[in-house]
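This report refers to the structure that appears directly beneath it.
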Amino acid sequence: MVEKKDFPKKENHHEIEETKKGDQELAREVKIKKLAQEGIELFPHNVKVTHSVFDVVSDFASLSSEDFEAKKVKVITPGRIVSIRRMGRATFFHIADSRTRLQAYIRENRVGKRNYAIFSLIDIGDIISVEGLLFKTKTGELTIFADSFTFLAKCLHPLPEKWHGLQDVELRYRKRYLDLIMSPKETEVFRLRSALITSIRKFFDQRGYIEVETPMMHAIPGGAIARPFKTFHNALGIELYLRIAPELYLKELIVGGLGKVYEINRSFRNEGLSSEHNPEFTMLEFYEAYSDYKDMMDLTEELINYLSLSLLKTEEITFGEHNISLKRPWKRIKFKEALARYSGLAPSRFDDKAGIIEFAAALVPDKTPLSYGKAMDVIFDKYVKPNLIQPTFVTNPPKEVSPLAKESRDNPDEAERFELIMGGMEIANAFSELADPAEQRKRFEQQAEERKKGDEESHMIDTDYIQALEYGLPPTGGEGIGIDRLVMVFANRKSIREVILFPLLRPKQKAEGSEE
RNA sequence: GGCCCGUUAGCUCAACUGGUAGAGCAACAGACUCUUAAUCUGUGGGUUGAAGGUUCGAGUCCUUCACGGGUCACCA
């Protein structure tokens, strides 16, 4: 009987994955040794290529056999081997880049016995370049007839199965490279994401905005209501926070006279993970002097409509089981009206503050006492948000949950602010920026009271920011747009992890029994 | 964090109320010069996520833990 201690000790999962070798890894090692004996360089320093796989397919797929006969198109094309069909002295295989695949054909009497024998040591997953003339097979598939091939990198592990690909969601996120190798469709999501950000820059640059970068490490986290990550700077001996929003710095730039600024970068919030939340996420924020939240609504419509038309060539987007129309103008509804319409509560009931708080408290039994504003926020999230699929501006939320927004011209309890809801998600948040330093101080002090009561998410008092306001912030409209969520809608993905290359996952921990 | 579900070969998945852990792809050996989920013949591959428990017997039942997915709560 084998005793337990005879089994290798498990340090942790990473360790196991690095050291465990299955039969397939061992088979590849044998091949590597044989290739080394033949003097083959498996990881060369450089390589000459003429066309990518994508280039070859897009440039030559339409040519006929006669064209290839006449023109003798020669290419040197690199790619990862994704399939091999060996038939004795001839072999078909496909090489792929991140967009498409291309067939190649190698024959012993063309490359010689030795080279063909070396080719027999090639595995699926290896990266090689193939040099040869293009032709079309009898079934019409564009193919490189190999004159030679060169190893560019050896793959030491087997790839996932060719037909089903990589299905394991956890593996897809932990080893995104495998997901990208196996699923060109996933690379499309990230191409779209990149194109979207490029287009956003173009949009704002054309309108005279300048792109800026503000600090990601803040002495006082501000600009949003959220819990921060804390870190420490050794040389200065101070605690710093990863920013929860760039907002306050951007408005200081408006005070400084920059007029129109935007920033696209990460913010960090120390909150839970979900299909709509990643602790680090990408936000676009933009501020424009001499405008207000209504101007921001128009600009938002214009921006997102432009992005859809230029990237997706349509104003109609499919999102899960829904069709989302981005045709302008979009719906605009006041916060309270939305609450009444979707919660089923009569509008008059919202005047009964105690009753509303009680109603909301019942929705979240494990919460500390709610304020009136927070209570309405709870009802909004529960009843309204999931029902707003078409792009909808929800305006004039309670002032007390909007400490950085001007109060409404029509109602002192409301803020001059809107949230853009689309696909049941909050996509954007904007206000007429509060400019009165005294009023701002008062709002911060109210937030500080909330903090004292145990609400860790409430705003801290930022005296530097108040001082900036004391120099004069002109009427300014400002807005933040969650880029990840916008990409979700554009790419029709229901989980934020599908649009972030490396979403946060819990690291695999030590296996049990590994303690010394 | 709560609740529900999942974790079986490198990958994708089976395994009835507890009774010998299987298949396809991949791998290995062989045949094959227009194949394309190539085909044909043969072979190897598993501490069933981890640790305990119940049982004559556990992939299956129970407990704890790890990781993931869904959902609820907070945040964008």
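Reminder, nothing fancy here: chain letters follow the sequence lines and each chain counts from 1.
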Has [X] got a side-chain N or O lying under 4.0 Å from the OP1 or OP2 atom of [N]?
{"X": "A:K31", "N": "B:C28", "value": "yes"}
{"X": "A:R506", "N": "B:G68", "value": "yes"}
{"X": "A:R174", "N": "B:G68", "value": "yes"}

Check whether the side chain of [X] and the base of [N] form a donor-acceptor pair under 3.5 Å.
{"X": "A:E108", "N": "B:U33", "answer": "no"}
{"X": "A:R85", "N": "B:U35", "answer": "yes"}
{"X": "A:D168", "N": "B:U12", "answer": "no"}

Checklist entry - By salt bridge (charged side-chain N to carboxylate O under 4.0 Å, His left out), which residues pair with A:E414, not counting sequence neighbours? => result none

Checklist entry - Between A:D97 and A:R80, is a salt bridge (Lys or Arg N to Asp or Glu O under 4.0 Å) present by the stated rule, with each step listed? => result CA-CA 7 Å; A:D97 65 15; A:R80 188 183 294 274; over 6 Å; no

Please tabulate the protein-to-nucleotide N/O contacts below 3.5 Å involving nucleotides 40-46 of chain B, giving atom names and distances.
| residue | atom | partner | partner atom | Å |
| --- | --- | --- | --- | --- |
| B:G44 | N2 | A:D23 | OD2 | 2.3 |

Checklist entry - Can you name the one residue among A:E213, A:E280, A:E263 that meets salt bridge (charged side-chain N to carboxylate O under 4.0 Å, His left out) with A:R243? => result A:E263

Checklist entry - Base, sugar-phosphate, or nothing for A:L505, non-hydrogen atoms under 4.0 angstrom? => result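 The answer is sugar-phosphate, as A:L505 gets under 4.0 Å only of primed atoms, P, OP1 or OP2.
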
Checklist entry - So what does A:M87 hit on the nucleic acid, given a heavy-atom distance under 4.0 Å: a base, only sugar-phosphate, or nothing? => result base

Checklist entry - Angle class for the A:F286/A:F204 ring planes (parallel below 30°, perpendicular above 60°, tilted otherwise)? => result tilted

Item to check | Mutual orientation of the aromatic rings belonging to A:F149 and A:F119 [parallel < 30°, tilted 30-60°, perpendicular > 60°] | outcome: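 Rings of A:F149 and A:F119: perpendicular, over 60°.
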
Checklist outcome for this item: Whole-Å distance, A:I124 CD1 to B:A27 P, equals 5 Å

Item to check | A:H164 NE2 - B:G24 C1' separation (whole Å) | outcome: 8 Å

Item to check | A:R101 CZ to A:I95 CD1 distance, which is reported to the nearest 0.5 Å | outcome: 11.0 Å

Item to check | Span that lies between the C1' atom of B:A50 and that of B:G57, in whole angstrom | outcome: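 The same atom, C1', in both gives a distance of 22 Å.
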
Checklist entry - Of all the base pairs, Watson-Crick or G-U under 3.5 Å, which form stems of three or more consecutive pairs involving RNA chain B? => result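 Stem list for RNA chain B: B:1-7 with B:66-72, B:10-13 with B:22-25, B:27-31 with B:39-43, B:49-53 with B:61-65.
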
